[in-house]
Amino acid sequence: MAEPRKRTVRRKKDPNAPKRALSAYMFFANENRDIIKSENPDVTFGQVGKLLGERWKALSVEDREPYDAKAKADKRRYESEKELYLATKQT
DNA sequence: TCCGTGATTGTTACG
DNA sequence: CGTAACAATCACGGA
């Protein structure tokens, strides 16, 4: 099952839209963009993009720790807006 | 009570 | 300006 995930063109539906939180990949990508491009200034999205995800998991779960840690850390940020969103939401 | 879904997040690079 | 692979997420609402 699973319908075609419509990436981009994210449709808004909430008044304040708490925009959930980032993902471990985003934190990891933040470092990769720095490293990968630093070690592969020639590789472009075509290479980095794919290469990124490949080694992303290539790491060990413990390697994701810092990324995953930030992932939930960022979610924490979203949590605050979420609460405010629900607050301002006011039925 | 329980589940699935949708919405979102950020990178790079280009026309 | 938006899109595209790449991956995670995970909170919310509905039945």
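Every chain is numbered from 1, with letters handed out A, B, ... down the list of sequences.
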Rounded to whole Å, the CZ-P distance (A:Arg77 to C:dC10) equals 15 Å
A:Glu81 CD to B:dA7 P, in whole Å, measures 17 Å
Taking C:dA11, B:dA13, B:dG10 as options, the one with an atom nearest any side-chain atom of A:Asn30 is B:dG10
Taken in chain and number order and not counting sequence neighbours, the residues that satisfy salt bridge (charged side-chain N to carboxylate O under 4.0 Å, His left out) with A:Lys75 are A:Glu79
From CG of A:Asp34 across to C1' of B:dG10 the rounded distance in Å is 13 Å
Item to check | Distance-only donor-acceptor test (3.5 Å): side chain A:Arg20, base C:dT9 | outcome: yes
Taking B:dT9, C:dA11, C:dC12 as options, the one with an atom nearest any side-chain atom of A:Lys19 is B:dT9
inquiry  = Is there a side-chain contact between A:Lys72 and the phosphate of C:dT9, meaning an N or O under 4.0 Å from OP1 or OP2?
reply    = no
Side-chain N or O of A:Lys37 closer than 4.0 Å to phosphate OP1/OP2 of B:dT11 | no
Report, one pair per line, the protein and nucleotides 1-7 of chain C atoms (nitrogen or oxygen only) whose separation is under 3.5 Å.
{"unit_1": "C:dA5", "atom_1": "OP2", "unit_2": "A:Arg7", "atom_2": "NH2", "d": "3.4"}
{"unit_1": "C:dC6", "atom_1": "O2", "unit_2": "A:Tyr25", "atom_2": "OH", "d": "3.2"}
{"unit_1": "C:dA7", "atom_1": "O3'", "unit_2": "A:Trp56", "atom_2": "NE1", "d": "3.1"}

Taken to the nearest whole Å, CZ/A:Phe27 to C1'/B:dT11 is 13 Å
Per-pair distances, 0.1 Å, donor-acceptor, side chain in residues 53-61 of chain A, under 3.5 Å, sequence neighbours excluded:
{"unit_1": "A:Ser60", "atom_1": "OG", "unit_2": "A:Asp63", "atom_2": "OD2", "d": "2.9"}

